[in-house]
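Reviewing the structure listed below.
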Amino acid sequence: MFIGIIVYSKTGNTLSVANRVKQAFEARGHTVSIDQIKADVDEKKSKVNLTHRPDPTIYDRVVFAAPVWAFTLCPVMREYLTVLPELRDVNVYGIVTQHLSRPWLGGNRAVKKIRRLCANVGAQMIGEGVIMWSHSDRERHIEELAERLASL
Ligand SMILES: Cc1cc2nc3c(=O)[nH]c(=O)nc-3n(C[C@H](O)[C@H](O)[C@H](O)COP(=O)(O)O)c2cc1C
């Protein structure tokens with residue numbers, strides 16, 4: 001399969017997880033492309049201007065990955081997913097990273113948001129994960145998540 005990993009990452013954490021997921025899919029023989037959403041963000045005014053909007057329709061499956069901001073999905077990914085083209089019956093995955101080490105402090109809500117916005121365009125989320133950057137088991141969590149998603 002041709003897998004697209006569409007990622008927004010401001011400081012590199014989510015991008016590094018995306019790379020690990022890429023490796024896990026590739027180890028199973030899939031072709032994987034990472035495409036980064038680019039945006040100008042005015043955090044004070046919560047304004048987002050997307051300057052690169054990856055095309056999700058060219059892939060067999062799509063992984064959406066983004067950080068948690070203010071206890072929910074960061075506004076860049078929210079803006080991107082809000083105007084997705086139709087992805088009827090496409091299987092997708094949702095990954096978020098956050099600093100805090102409890103998934104209910106934003107991560108779960110962010111994943112739920114990805115699932116809902118994908119469902120709006122007909123896509124079904126078949127795998128998800130929250131990576132907590134300050135968790136002492138972070139590396140193991142990333143490894144497990146990558147393996148779990150690639151095996152679905
Ligand atoms: C504006 C902003 C808001 C954030 N809000 C939260 C938050 O509510 N909870 C949390 O755990 N981490 C929060 N973080 C930390 C990021 O979610 C975390 O560092 C993430 O891994 C960054 O991913 P990135 O390096 O791919 O940008 C915030 C970071 C930024 C820049």
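All residue numbers in this chain count up from 1 along the given sequence. Both ligands and their constituent atoms are indexed starting at 1 by order of listing. Quick caveat, the model's predicted, so the values are computed rather than measured. Every heavy atom of this structure was used, including side-chain atoms; hydrogens, water molecules and symmetry mates were not.
The shortest side-chain heavy-atom distance between Val111 and Arg115 falls under the 4.5 Å cut-off.
Applying the side-chain hydrogen bond (donor to acceptor under 3.5 Å, both in side chains) test to residues at least two apart or on different chains, the pairs with a partner in residues 60-70 are Arg61-Tyr93.
More than 12 heavy atoms of other shown residues, nucleotides or ligands fall within 6.0 angstrom of atom CZ in Arg20.
A donor-acceptor pair under 3.5 Å links the side-chain atoms of Gln98 to the main chain of Leu100, judged by distance alone.
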Hey, can you pull the donor-acceptor pairs under 3.5 Å for the side chains in residues 73-83, sequence neighbours left out?
{"residue": "Arg78", "atom": "NH1", "partner": "Leu73", "partner atom": "O", "Å": "3.4"}
{"residue": "Tyr80", "atom": "OH", "partner": "Pro54", "partner atom": "O", "Å": "2.7"}
{"residue": "Thr82", "atom": "OG1", "partner": "Arg78", "partner atom": "O", "Å": "2.5"}

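Protein residues with a heavy atom under 4.0 Å from ligand 1 are Ser9, Lys10, Thr11, Gly12, Asn13, Thr14, Glu43, Pro67, Val68, Trp69, Ala70, Phe71, Thr97, Gln98, His99, Leu100.
The side chain to side chain donor-acceptor pair (under 3.5 Å) test applied to Asp35 returns His52, not counting sequence neighbours.
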